[in-house]
Amino acid sequence: MLINNAGVMHIDDASAVIDEKLLVTTLTTNVMGPIRLTGALIEHLKRQNDAAVINNSSVLGFVPLAMTAVYSATKAALHSYTLSLRYKLKGTPVKVLEIAPPWVQTDLLGSNNEPRAMPLAEFIEETMRVLGTDAEEVLVERAKPLRNNAGPGEAAFVIQFNDMMASPK
């Protein structure tokens, strides 16, 4: 089993000149790392009787958080890569799963005590429950409204989401 759980998240401003170090670090860690590691291990995994690749993306890959535009874009890229990998590995012993967490109380951007974020223990418990099913996309209930956003109202939804996140607690 390979679990790609790499991720760095920094505040950025898509409306300004991008910090090159932030861009390269985030892309290298969040996209290139999982792709390179998967590529390095995929032939080994395909030779197993039962194997899995689990990519940890984020609901921000479906609904970008404007203040972390680069991070959100990398998680959208990882989601796309996961879909391609799953398609290419159908008929092999390798399952491809994606965990797309919502905002969780972790060290990421100092969210440990953020009341709007999902408690870590609750996230872990629900994620483990979903991992015990046949689901290819592992979503806790709090992630589903953001994941199920696709459609003609997407732009309005993104604006509403970002307005809510930018407002004070």
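Atom set for the values below is all heavy atoms of this structure, side chains included, hydrogens, waters and symmetry mates excluded. The first residue of the sequence shown is numbered 1, and numbering continues consecutively from there.
Looking only at side-chain heavy atoms (C-beta outward), P119 and Q105 come within less than 4.5 Å of each other. Between I18 and V70 the shortest side-chain heavy-atom distance falls below 4.5 Å. With a 4.5 Å cut-off on side-chain heavy atoms, I3 and N56 do not count as touching. Looking at heavy atoms from C-beta onward, P102 lies in side-chain contact with F123 at the 4.5 angstrom threshold. The shortest distance between side-chain heavy atoms of I54 and M1 falls below 4.5 Å. Counting heavy atoms from C-beta on, the side chains of H10 and L109 never come closer than 4.5 Å.
With sequence neighbours excluded, the residues that form a salt bridge (Lys or Arg N to Asp or Glu O under 4.0 Å) with R129 are E125. Taking V138 as the reference, I99, T127, V130, L131 meet the side chain to side chain contact (heavy atoms under 4.5 Å, CB included) condition, with sequence neighbours excluded.
Between E126 and R142 there is no salt bridge, since none of the side-chain N atoms of the basic residue sits less than 4.0 Å from a carboxylate O of the acidic one.
In terms of hydrophobic clustering, with Ile, Leu, Val, Met, Phe, Trp and Tyr side chains grouped at heavy-atom distances under 4.5 Å, V140 and M128 are assigned to a common cluster. Under the 4.5 Å side-chain contact rule for hydrophobic residues, Y81 and L60 do not share a cluster. Hydrophobic clustering places I11 together with M164 (ILVMFWY residues linked when any side-chain heavy atoms are closer than 4.5 Å, directly or through intermediates). Linking ILVMFWY side-chain heavy atoms closer than 4.5 Å, directly or via other members, places L2 and L85 in a single hydrophobic cluster. Side-chain heavy atoms closer than 4.5 Å link hydrophobic residues (I, L, V, M, F, W, Y) into clusters, and following such links, even through other members, never connects L146 to L139.
T92 places a side-chain N or O within donor-acceptor distance of the main-chain N or O of L89, the cut-off being under 3.5 Å. Panel note: side chain N112, backbone D107; a donor-acceptor pair is recorded below 3.5 Å. For the pair N55 (side chain) and T82 (backbone), a donor-acceptor distance under 3.5 Å is absent. Using a distance-only test at 3.5 Å, with no hydrogens or angles considered, a donor-acceptor pair links the side chain of T74 to the main chain of Y71. No side-chain donor-acceptor contact under 3.5 Å links E114 to the backbone of G110. The closest donor-acceptor contact from the side chain of S111 to the backbone of L108 lies under 3.5 Å.
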Step by step, work out the salt bridge (charged side-chain N to carboxylate O under 4.0 Å, His left out) result for K95 and E136.
-> CA-CA 8 Å; K95 295 177 192 166; E136 293 178 330; over 6 Å; no
Quick one: do V53 and L97 satisfy side-chain contact (heavy atoms from CB on, under 4.5 Å)? Show the steps, please.
-> CA-CA 6 Å; V53 174; L97 307 175; over 6 Å; no
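E98 and S57 are linked by a side-chain donor-acceptor pair at a separation below 3.5 angstrom, with hydrogens and angles left out of the test. The closest side-chain donor-acceptor pair between N4 and T38 falls under 3.5 angstrom. In the model, S15 has a side-chain atom that pairs as donor or acceptor with a side-chain atom of D13 under 3.5 Å.
Annotation for G61 and A76: closest pair O-CB, 3.4 Å, computed over non-hydrogen atoms. Across all their heavy atoms, A51 and L45 have their closest contact at CB-O, 3.5 Å. Nearest heavy-atom pair across V104 and P101 is CG2-CB, 4.3 Å. In terms of heavy atoms, T29 sits closest to P34 at O-CD, 3.3 Å.
Atom NZ of K75 is separated from atom OG1 of T68 by 11.0 Å, given to the nearest 0.5 angstrom. One distance of note links CE of M9 with OG of S72; it measures 6.0 Å at 0.5 Å rounding. The structure places NZ of K46 at 12.5 Å from CG of L41, a figure rounded to the nearest 0.5 Å. The distance from atom CG of N49 to atom CZ of R47, rounded to the nearest 0.5 Å, is 12.5 Å.
Close placement of the F62 and H79 rings is indicated, their centers lying within 6.0 Å of each other.
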